[in-house]
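For reference, the structure discussed in these notes is given below.
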Amino acid sequence: MQTFSRHDLTDLFRSLAERMAAEQSYLAELDGEIGDADHGVAMAGALPPRRAP
């Protein structure tokens with residue numbers, strides 16, 4: 001069984017934050033098809049990229 005450390009979790013969230021920021025326009029475009037096109041902004045703001053101390 002593999003273990004999942006807190007460092008792995010930190011790396012996972014950092015990766016998600018970077019991807020959300022990079023795909024902000026695309027997420028907004030997708031949301032625009034069925035909503036108000038603010039999903040990219042909301043997701044990028046919810047997970048701002050940060051470096052661990």
Side-chain angles (χ1 to χ4, degrees):
M1 175 190 269
Q2 282 188 307
T3 60
F4 192 77
S5 72
R6 67 182 178 94
H7 297 291
D8 294 328
L9 187 60
T10 300
D11 289 344
L12 173 65
F13 278 105
R14 184 177 296 121
S15 178
L16 285 171
E18 290 170 358
R19 184 69 186 263
M20 291 295 168
E23 300 292 343
Q24 183 174 344
S25 294
Y26 181 61
L27 292 168
E29 179 183 334
L30 289 175
D31 186 40
E33 295 293 322
I34 60 169
D36 56 6
D38 71 343
H39 195 69
V41 173
M43 291 302 293
L47 294 170
R50 296 188 180 148
R51 294 194 160 231

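Owing to the predicted nature of the structure, the values given are computational and were not obtained by experimental measurement. Note that these values count all heavy atoms, side chains included, but never hydrogens, waters or copies made by symmetry.
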Hydrophobic cluster partners of Y26 (side-chain heavy atoms under 4.5 Å): L30
So does R6 get a backbone contact from the side chain of T10, meaning a donor-acceptor N/O pair under 3.5 Å? yes
Within the distance-only criterion (no hydrogens, no angle test), does the side chain of T3 pair as donor or acceptor with the backbone N or O of S5 below 3.5 angstrom? no
Which residues pass the salt bridge (Lys or Arg N to Asp or Glu O under 4.0 Å) test with D8, sequence neighbours left out? none
Excluding sequence neighbours, so at least two apart, what forms side-chain contact (heavy atoms from CB on, under 4.5 Å) with L12? F4, L9, L16
